[in-house]
Number of protein chains: 2
Amino acid sequence: MTNKYVSLLRQYGFKVTHARVKVLERLEHATKPMTAQELHEELADAKMDLATVYRSLNKFADAGLIARVQLGDEFMRFEFAKHSHHHHIVCNSCGKVSEIELCNLDALSQDIAQKTGFRNITHHVVFSGDCQDCANKS
Amino acid sequence: MTNKYVSLLRQYGFKVTHARVKVLERLEHATKPMTAQELHEELADAKMDLATVYRSLNKFADAGLIARVQLGDEFMRFEFAKHSHHHHIVCNSCGKVSEIELCNLDALSQDIAQKTGFRNITHHVVFSGDCQDCANKS
DNA sequence: GTTTGTGCAAACTGTTTGCAACTTC
DNA sequence: GAAGTTGCAAACAGTTTGCACAAAC
């Protein structure tokens, strides 16, 4: 087993296991941040325990290999770390998630720093609205 | 019992109970969004059940009397509805929450609408950073 | 062969719900 | 007195954890 994910795991000092490779692989091909349960279902063939999925995700996220994403519901989601600043927009009716590359919050963050005295300000944004498909249906 | 909160409850068509008045009152005087558990603890004198707190909060939030706020942890928080657009900034180390009145996301939302086809776009933002007190300590 | 990961079941946490008793109007 | 609310206990959902066994290095 010597592929991209194996190297990535080695690079981060993780032991290489079947489960971890599968999780990483699935996450990199995801078109939206995924929950532990979604991953578990989609990787049913690999017969790994849900607890193992959670443990892998938390390790990877703590190490910065993947990112935790909250989209406003009760689930924690995870996405392959892209290292490019972006946000998400979620459809109010079908739940579809798209990525947003635009962000103009840096200037605002500086303003906030000045006014509030906070330093090293970061932000988490989730947009929501009605996607084109859903808007057309109604 | 004829005060501000009683009127407010009547106005929204809610029955007026001791518990509801207490919850509303406490929320209006809060300096930050509060969790159900915090409210329950702080209203210990009123001896109301945690379930009652949850039920009140959810009713009020559904009716628009108060707003649900997620700050990035596992708790749902609630704040008295202010009807003025604002966001929050949370200190990474002490958890202090401050309100942010500035927001320049409307132009960006229009851009996003054009590029993605989403309509009626709204946004939820949480800033975080190191507050002045904590930054000075370290 | 030592260290680390896994499966399983049980625990934990925030929140919701069913139901009988009680308030509110 | 009809309708809605409460307290209590039990249920629920997402997530974490303890432990014996298994896999990785």
Side-chain angles (χ1 to χ4, degrees), chain A residues 1-3 5-26 33-63 65-66 68-78 95, chain B residues 1-3 5-26 33-63 65-66 68-78 95:
Chain A
M1 208 155 56
T2 310
N3 66 19
Y5 306 104
V6 172
S7 325
L8 205 49
L9 287 167
R10 293 237 167 85
Q11 190 181 316
Y12 277 79
F14 291 130
K15 277 198 181 177
V16 176
T17 69
H18 190 59
R20 289 177 177 178
V21 171
K22 285 287 179 194
V23 167
L24 266 190
E25 188 173 35
R26 182 68 195 79
M34 296 180 72
T35 66
Q37 321 229 29
E38 286 169 344
L39 279 161
H40 183 239
E41 281 168 31
E42 299 202 10
L43 299 177
D45 290 353
K47 293 209 197 321
M48 78 186 72
D49 197 81
L50 181 55
T52 300
V53 176
Y54 275 109
R55 281 188 275 228
S56 305
L57 291 171
N58 283 328
K59 277 219 148 191
F60 295 168
D62 290 345
L65 225 177
I66 66 176
R68 282 182 244 258
V69 178
Q70 285 187 290
L71 296 182
D73 60 13
E74 68 268 41
F75 302 96
M76 180 62 74
R77 288 181 168 74
F78 300 85
Chain B
M1 208 159 51
T2 309
N3 66 19
Y5 307 104
V6 172
S7 328
L8 205 49
L9 287 167
R10 293 234 166 84
Q11 191 182 315
Y12 276 79
F14 291 127
K15 280 200 177 170
V16 176
T17 70
H18 190 59
R20 289 177 175 177
V21 171
K22 286 286 180 194
V23 167
L24 266 190
E25 188 174 34
R26 182 67 195 80
M34 296 180 71
T35 65
Q37 320 229 28
E38 285 169 345
L39 279 161
H40 183 238
E41 281 168 30
E42 298 201 12
L43 300 177
D45 290 354
K47 293 210 196 321
M48 77 187 73
D49 197 82
L50 181 56
T52 302
V53 176
Y54 275 109
R55 280 187 276 229
S56 307
L57 291 171
N58 283 328
K59 278 218 149 193
F60 297 167
D62 290 346
L65 224 178
I66 66 176
R68 283 183 243 258
V69 179
Q70 285 188 288
L71 295 183
D73 61 13
E74 67 269 42
F75 302 96
M76 180 62 72
R77 289 181 167 74
F78 300 85

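Numbers restart at 1 for each chain; the letters A, B, ... are given by sequence-line order, proteins then strands.
- A:Met34 CE to A:His40 NE2: the interatomic distance, rounded to the nearest 0.5 Å, is 12.0 Å.
- Nucleotide C:dT6 holds its P atom 11 Å from the NE2 atom of A:His18, rounded to whole Å.
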Tabulate protein N/O versus nucleotide N/O from nucleotides 1-3 of chain D, keeping only pairs under 3.5 Å, one per line.
from: D:dA3; atom 1: N3; to: B:Lys15; atom 2: NZ; distance (Å): 2.9

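- At whole-Å resolution of the value, CD in A:Gln70 and C1' in D:dG14 are 13 Å apart.
- Between A:Lys22 atom NZ and D:dA23 atom C1' there is a gap of 17 Å when expressed in whole angstrom units.
- Minimum atom distance to the side chain of A:Thr17 is reached by C:dG5, of the listed C:dG5, D:dT5, D:dG14.
- Atom CZ in A:Phe75 sits about 13 Å away from atom C1' in C:dT15, given to the nearest Å.
- A:Phe14 comes within contact range of no nucleotide atom at all, as no heavy-atom separation falls under 4.0 Å.
- Following rounding to the nearest Å, B:Leu57 (CG) and C:dG14 (P) show an atom-to-atom distance of 15 Å.
- Between A:His40 atom NE2 and C:dT6 atom P there is a gap of 13 Å when expressed in whole angstrom units.
- Following rounding to the nearest Å, B:Tyr54 (OH) and D:dT6 (C1') show an atom-to-atom distance of 17 Å.
- Between the A:Arg20 side chain and the A:Lys15 main chain, a donor and an acceptor come within less than 3.5 Å of each other.
- Taken from NZ in B:Lys22 to CE in B:Met48, the straight-line distance is 7.5 Å, to the nearest 0.5 Å.
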Quiz item: Given B:Val6 and B:Asn3, is the side-chain contact (heavy atoms from CB on, under 4.5 Å) satisfied, shown in steps?
Solution: CA-CA 5 Å; B:Val6 172; B:Asn3 66 19; 3.4 Å; yes
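- Five base pairs at each end of the helix from C:dG1-D:dC25 to C:dC25-D:dG1 define two local axes, and these are offset by 30° (rounded to 10°).
- Distances shorter than 4.0 Å separate some side-chain N or O of B:Lys59 from OP1 or OP2 on D:dT5.
- Two rings, from A:Phe14 and A:Phe60, have their centers less than 6.0 Å apart.
- Contact check of residues 41-50 of chain B against DNA chain D (heavy atom, cut-off under 4.0 Å) returns B:Lys47, B:Met48, B:Asp49.
- Summarising the geometry, atom OG1 belonging to A:Thr52 is positioned 11.5 Å from atom CG belonging to A:Leu43; distances are rounded to the nearest 0.5 Å.
- Residue-level contact check: B:Arg20 touches the backbone only, with heavy atoms under 4.0 Å from sugar-phosphate atoms and none from bases.
- Side-chain proximity of B:Met76 to the nucleotides D:dT5, C:dT15, C:dT16 is greatest for C:dT15.
- Within the 4.0 Å cut-off from OP1 or OP2 of D:dT15, not a single side-chain nitrogen or oxygen of A:Asn58 is found.
- DNA chain D is contacted by both B:Val53 and A:Arg55; B:Val53 maps to the nucleotide lying nearer its 5′ end (nearest heavy atom per residue).
- Distance check, rounded to the nearest 0.5 Å: CD of B:Gln70 to CZ of B:Arg77 gives 10.0 Å.
- When rounded to the nearest whole Å, the span between CG of A:Asp73 and C1' of C:dG14 equals 15 Å.
- Considering CG of B:Leu65 and CZ of B:Phe78, their distance stands at 12.5 Å, rounded to 0.5 Å.
- The heavy-atom pair separating B:Pro33 from B:Glu38 by the smallest distance is O-OE1, 4.2 Å.
- Taken to the nearest 0.5 Å, the CG atom of B:Leu24 stands 6.0 Å off from the CG atom of B:Leu8.
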Self-check item: Verdict with reasoning, B:Val23 to B:Ile66, per side-chain contact (heavy atoms from CB on, under 4.5 Å)
Solution: CA-CA 11 Å; B:Val23 167; B:Ile66 66 176; over 6 Å; no
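- Nearest heavy atoms, B:Ala36 versus B:Val53: O-CG1, 3.7 Å.
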